[in-house]
2 protein chains.
Amino acid sequence: MSSHIEENYLKAIYKQTERNKDGAYTNDIANELNVKAATVTEAFKKLGDKGLIFYEKYKAVTLTDQGRAVAVKTIRKHRLWEVFLVEKLGFKWDEIHPMAEELEHVNFEELTERLAKFLGNPEFDPHGDPIPDKNGKFAQNKSVKLTAINIGKTVAMTGIENHTPSFLQHLDKLGLKLGAEITIKDVVEFDQSILVSVNNKKEFYLSQEIANNILCK
Amino acid sequence: MSSHIEENYLKAIYKQTERNKDGAYTNDIANELNVKAATVTEAFKKLGDKGLIFYEKYKAVTLTDQGRAVAVKTIRKHRLWEVFLVEKLGFKWDEIHPMAEELEHVNFEELTERLAKFLGNPEFDPHGDPIPDKNGKFAQNKSVKLTAINIGKTVAMTGIENHTPSFLQHLDKLGLKLGAEITIKDVVEFDQSILVSVNNKKEFYLSQEIANNILCK
DNA sequence: TAATAATTTTAGGTTAAGCTAAATATTTAA
DNA sequence: TTAAATATTTAGCTTAACCTAAAATTATTA
């Protein structure tokens, strides 16, 4: 199995395991990677034989320490390249994912570490997601969803839970970027939408759907 | 044929065609890419069908305009990444080739162009090789081999014709880097080795073998 | 809890990119 | 100019990563 493909499977399993403690089911991964379930079964067997995942027929898979290490390294590379693309090359946060998706598979440890240093060893990527350090440790930022904040409170935007370009572009239009000061002015009982002000300037309503995808603290 | 592999074949054919006007023979490419001749024949057929090379059985292949464009773009990416690795990440010139060999296959035109701009649109890579611009034009530097320089002349080192780490490391040891001022003090008739002084400081003999792989003007 | 639905696995097929060995073509040299 | 050497191609095999369709298992619900 090429390391490129292996990394994609392990990363997908890692992400799925973050959402669902049980582990990752065949169909979860098939959907994530746009392949068929039968292909995933095959991959699971190989990854199991290699000691990268725990695989038992019909059960959700989980990562071994070794498998998790590969997944986390891949995430590290992905997020470091995202910082590079935004900070150094001037890309917008909705443009960088596909490029980072390729760059993350370039495997030279020295390259990754020098890139990290060049970028100032960032702890978060342009979407506010934590960048694991070279030992696989993630910075904790204890953020919560914007929907959990009470009326009257002011918080700083720290991240997002949806990374689609359309969501990111909408946030741009609203002036909602990482670090923005958001004050909860009101919650509409009817649809749970919230009235917010941003940096004490603009004021507008956010649907619950949107507020649920915004992280803050 | 994956673009990764396609680019490697086209780049190898391009390089071979630079050396030998006839074009590239099956065995040339097999050796360059460390695959067997039969594999190359197969690849030639596919590249021919795609309109990227002119292929006729038993003849040397040459690139079509389309094939050359792909090869040159790949070289552009390779050399830009090399500049990045040296100028921004602090790698040495003998360390960068394998990394650039991977990075060159990340295909996002906007990434390439922004990288170029970030680097100041360099015209030469860390080995002194010209970086084609986005239209495929190479800067000309009219360099000649050090062996072509007459006694008494002083020239600046502009490039090298051998890119192996051992050669590069040896040049480092001698203090021979791009831009070094080299004065030809003497030519030894016996073995054609030359006595040089570098930046008016050190003086030493260079074998013809080495001098032949140093470019200057 | 038995029937139905959903999920996963198995079996067998395809394609790309490699391989070896044998056949064919070209080049070199006697 | 023909024989030998070298180079290239063809034929057929292998492996990885995908696929579909059918079989097997697990989960859901009437």
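The chains referred to below are lettered A, B, ... by the order of the sequence lines, with proteins before strands, and numbering in each begins at 1. Heavy atoms only: backbone and side chains are in, while hydrogens, waters and symmetry mates are out.
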Point to revise | Close approaches to DNA chain D from residues 98-108 of chain B, in residue order (heavy atom, under 4.0 Å) | key: none

Contact list (N/O, under 3.5 angstrom) for nucleotides 1-6 of chain C vs protein:
none

Please write out each protein N/O paired with an N/O of nucleotides 16-20 of chain C under 3.5 Å, distance rounded to 0.1 Å.
unit_1, atom_1, unit_2, atom_2, d
C:dA17, OP1, B:S2, N, 2.5
C:dA17, OP2, B:K46, NZ, 3.3
C:dG18, OP2, B:Y9, OH, 3.0
C:dG18, N7, B:E42, OE1, 3.2
C:dC19, OP2, B:K36, N, 2.7
C:dC19, OP2, B:T39, OG1, 2.7

Check your understanding: Centre of B:Y25's six-membered ring, under 6.0 Å away, within 45 degrees of the axis: is that where NZ or CZ of B:K59 sits?
Key -> no

Exercise for review: Sorted by first residue and then second, give each side-chain hydrogen bond (donor to acceptor under 3.5 Å, both in side chains) pair with at least one member in residues 2-13 of chain A; sequence neighbours left out.
Suggested key: A:E6-A:K50, A:E7-A:K77, A:E7-A:H105, A:E7-A:N107, A:N8-A:H105, A:K11-A:E101, A:K11-A:E104

Look for any protein N or O under 3.5 Å of an N or O in nucleotides 25-29 of chain C and output each such pair with its distance, or none.
unit_1, atom_1, unit_2, atom_2, d
C:dA25, O4', B:Y58, OH, 3.2

Review point. Could A:K46 and A:Y55 be counted as a cation-pi pair, given that NZ or CZ must be under 6.0 Å from the ring centre and within 45° of the axis?
Key: no

Review point. Within 45 degrees of the axis of the six-membered ring of B:F91 and under 6.0 Å from its centre: does A:R114 put its NZ or CZ there?
Key: yes

Practice item. Starting from C1' on D:dT25, measure out to CD on A:E56 and report it in whole angstrom. Key: 14 Å

Point to revise | N/O (side chain, A:K59) to phosphate O (OP1/OP2, D:dT26) under 4.0 Å | key: no

Practice item. State whether B:N27 places a side-chain N or O below 4.0 Å from either non-bridging phosphate oxygen (OP1 or OP2) of D:dT6. Key: no

Review point. Which ones in residues 67-75 of chain B lie close to DNA chain C, meaning a heavy atom under 4.0 Å from one of its atoms?
Key: none

